[in-house]
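What you see is a predicted model; the values in this text were computed from it and never measured.
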Amino acid sequence: MTRQQSPIRIGIVVFERCQIVDATGSAGVFGVANEILKDTLKGAAGYDIRLLAVDAGQIRTSSGVSLFADHALNDRLPPFNTLICVGGKGTQNFAADASAIAAVRKLAGKAQRIVSVCTGAFILAAAGLLDGKRAVTHWAHCQKLAADYPRITVEQDPIYIKDGNVYTSAGVTAGMDLALALVESDYGRDVALAAARDMVMFMKRPGS
C-alpha cells in the first residue's frame with residue numbers, strides 16, 4: 001500500500017439535471033476507501049472530495065434530489081489530482097455552455113487524471129480532451145458520441161477505458177467500477193478489495 005503525503009484531491013463536476021449516481025457513486029467509493037485507510041494504513045492522507053458546478057450551491061439532479069456544489073468552476077482552487085465529469089439528462093446543455101467547457105478545460109489542464117462517468121464523456125469531448133483517444137460512454141449514446149466527435153475512437157463494450165491520463169466509463173454505476181480501479185492504483189489492491197467488499201461490488205466485473 002502507498003502512503004500519500006497529502007490528500008488526493010478529487011473534483012467532481014456536477015450540473016442541473018445530472019445523474020446523481022454518477023456523482024455520489026464515485027464519491028461513495030472514495031469515501032469508503034477513506035474509512036478503510038483510517039483502519040488499515042494509519043496516517044494515510046486519503047481523498048479530499050469536492051463537488052464543482054458553474055455556481056457553488058444547490059444543484060438539482062435529474063432524480064429531483066439536490067446536491068450541494070462546494071465551489072464554482074471558476075473559483076481559484078489548488079489543482080485537483082483527479083477531475084471527474086458526470087453525465088445525465090443535463091449533459092448536452094452543460095456541454096453547450098462555452099464558458100463552462102472552458103472552465104473544465106482549464107481545470108483538466110492542471111489535473112493528473114481526467115475522468116468521465118457515463119455521458120460525461122460528451123463534456124470531455126466538447127472540451128477537446130478526447131480527440132485522438134479511445135473512449136466509452138453509456139451504451140445508448142455511443143453512436144451519437146462517435147457521430148458528433150469523429151476524432152474519438154468510441155468502443156461500446158468496456159466498463160471503462162484508460163487512454164493516457166484520460167479515463168472514460170460506461171453508464172452510471174460503471175463510474176464506481178472506475179473509482180475502484182483508481183483506488184487500487186492509489187493505495188493498492190487490498191484497500192480497493194476491502195472497499196468493494198464493503199460496498200458489495202465486484203472488484204472487476206466484465207464488460208459487454
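Distance check: Met176 CE to Leu178 CG gives 12.0 Å after rounding to the nearest 0.5 Å. The line from SG of Cys85 to CZ of Phe94 is 6.5 Å long, rounded to the nearest 0.5 Å. Residue His71 holds its NE2 atom at 15.0 Å from CZ of Arg76, rounded to the nearest 0.5 Å. Expressed to the nearest 0.5 Å, how far CG of Leu67 lies from CZ of Phe15 amounts to 11.0 Å. Taking CE from Met203 and CE from Met201, the interatomic distance works out to 9.5 Å, rounded to the nearest 0.5 Å.
Heavy-atom minimum distance, Ser63 versus Thr61: OG-OG1, 2.8 Å. Among all heavy-atom pairs drawn from Ile101 and Ala127, the shortest one is CG2-CA, 3.6 Å. Residue Pro7 comes nearest to Ala45 through the heavy atom pair N-CB, 3.3 Å, listed as atom of the first residue, atom of the second, then distance. Of all the heavy atoms in Glu155 and Cys142, the pair that sits closest is O-SG, 4.1 Å. Nearest heavy-atom pair across Asp131 and Ile152 is N-CG1, 4.5 Å. In terms of heavy atoms, Asp177 sits closest to Thr173 at OD2-O, 3.2 Å.
No donor-acceptor contact under 3.5 angstrom links the side chains of Thr119 and Thr137, judged on distance only.
In this structure a side-chain-to-backbone donor-acceptor pair under 3.5 Å is present from Lys162 to Gly164. Judged purely by atom type and a 3.5 angstrom limit, Asp22 uses its side chain to pair as donor or acceptor with the backbone of Gly87. When atom types are taken as modelled, the side chain of Ser185 and the backbone of Ala181 share no donor-acceptor pair closer than 3.5 angstrom. Here the side chain of Thr168 pairs a donor or acceptor atom with the backbone of Val136 at under 3.5 angstrom. Between the Asp48 side chain and the Arg9 main chain, no donor and acceptor come within less than 3.5 Å of each other. For the pair Gln19 (side chain) and Val21 (backbone), a donor-acceptor distance under 3.5 Å is present. For the pair Ser26 (side chain) and Ala23 (backbone), a donor-acceptor distance under 3.5 Å is absent. The backbone N or O of Cys18 lies less than 3.5 Å from a partner atom in the side chain of Ser62, making a donor-acceptor pair. In this structure, the side chain of Ser116 does not engage the main chain of Ile84 through any donor-acceptor pair within 3.5 Å.
Salt bridge absent: Arg60 and Glu16 never bring a charged side-chain N and a carboxylate O closer than 4.0 Å. Salt bridge annotation for Asp163-Arg134: absent, with no cationic side-chain nitrogen under 4.0 angstrom from a carboxylate oxygen. A salt bridge is absent between Arg50 and Asp75: the closest approach of a Lys/Arg side-chain nitrogen to an acidic carboxylate oxygen does not fall below 4.0 angstrom.
Side-chain contact between Leu145 and Gln156: absent, with no pair of heavy atoms (C-beta onward) separated by less than 4.5 Å. Residues Ile8 and Ile10 form a side-chain contact, since some pair of their non-hydrogen atoms from C-beta on lies under 4.5 Å apart. In this structure, the side chains of Tyr149 and Val154 stay at 4.5 Å or more apart for every pair of heavy atoms. Side-chain contact between Val191 and Leu37: present, with at least one pair of heavy atoms (C-beta onward) separated by less than 4.5 Å. In this structure the side chain of Asn81 reaches within 4.5 angstrom of the side chain of Arg113, judged on heavy atoms. Side-chain atoms of Phe80 and Lys110, non-hydrogen and from C-beta on, never get closer than 4.5 Å to each other. Using a 4.5 Å heavy-atom cutoff, the side chains of Asn165 and Gln112 are not in contact. Using a 4.5 Å cut-off on side-chain heavy atoms (C-beta onward), Asp190 and Glu184 make no contact.
Cluster annotation: Val32 and Ile12 are assigned to the same hydrophobic cluster (Ile/Leu/Val/Met/Phe/Trp/Tyr, side-chain heavy-atom contacts under 4.5 Å, transitive). By the rule that hydrophobic residues join a cluster once side-chain heavy atoms approach within less than 4.5 Å of another member, Ile114 and Leu73 end up as members of separate clusters. A chain of hydrophobic side-chain contacts below 4.5 Å, direct or via other Ile, Leu, Val, Met, Phe, Trp or Tyr residues, connects Val172 to Ile123. Linking Ile, Leu, Val, Met, Phe, Trp and Tyr whenever their side-chain heavy atoms come within less than 4.5 Å puts Ile49 and Leu77 in one cluster. Following chains of ILVMFWY side-chain contacts shorter than 4.5 Å, one cannot reach Leu129 starting from Val115, and the two form parts of different hydrophobic clusters.
Around atom NZ of Lys133, more than 12 heavy atoms belonging to other residues, nucleotides or ligands sit under 6.0 Å away.
Residues passing the ring-ring contact (aromatic ring centres under 6.0 Å, His included) test with Tyr167: none are found, sequence neighbours excluded. Shown here are the ring-ring contact (aromatic ring centres under 6.0 Å, His included) partners of Tyr47, two or more places apart in sequence or in another chain: Phe30, Tyr187.
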- Task: Test Leu52 against Leu107 for side-chain contact (heavy atoms from CB on, under 4.5 Å), laying out the working first.
- Result: CA-CA 11 Å; Leu52 315 172; Leu107 289 168; 4.0 Å; yes

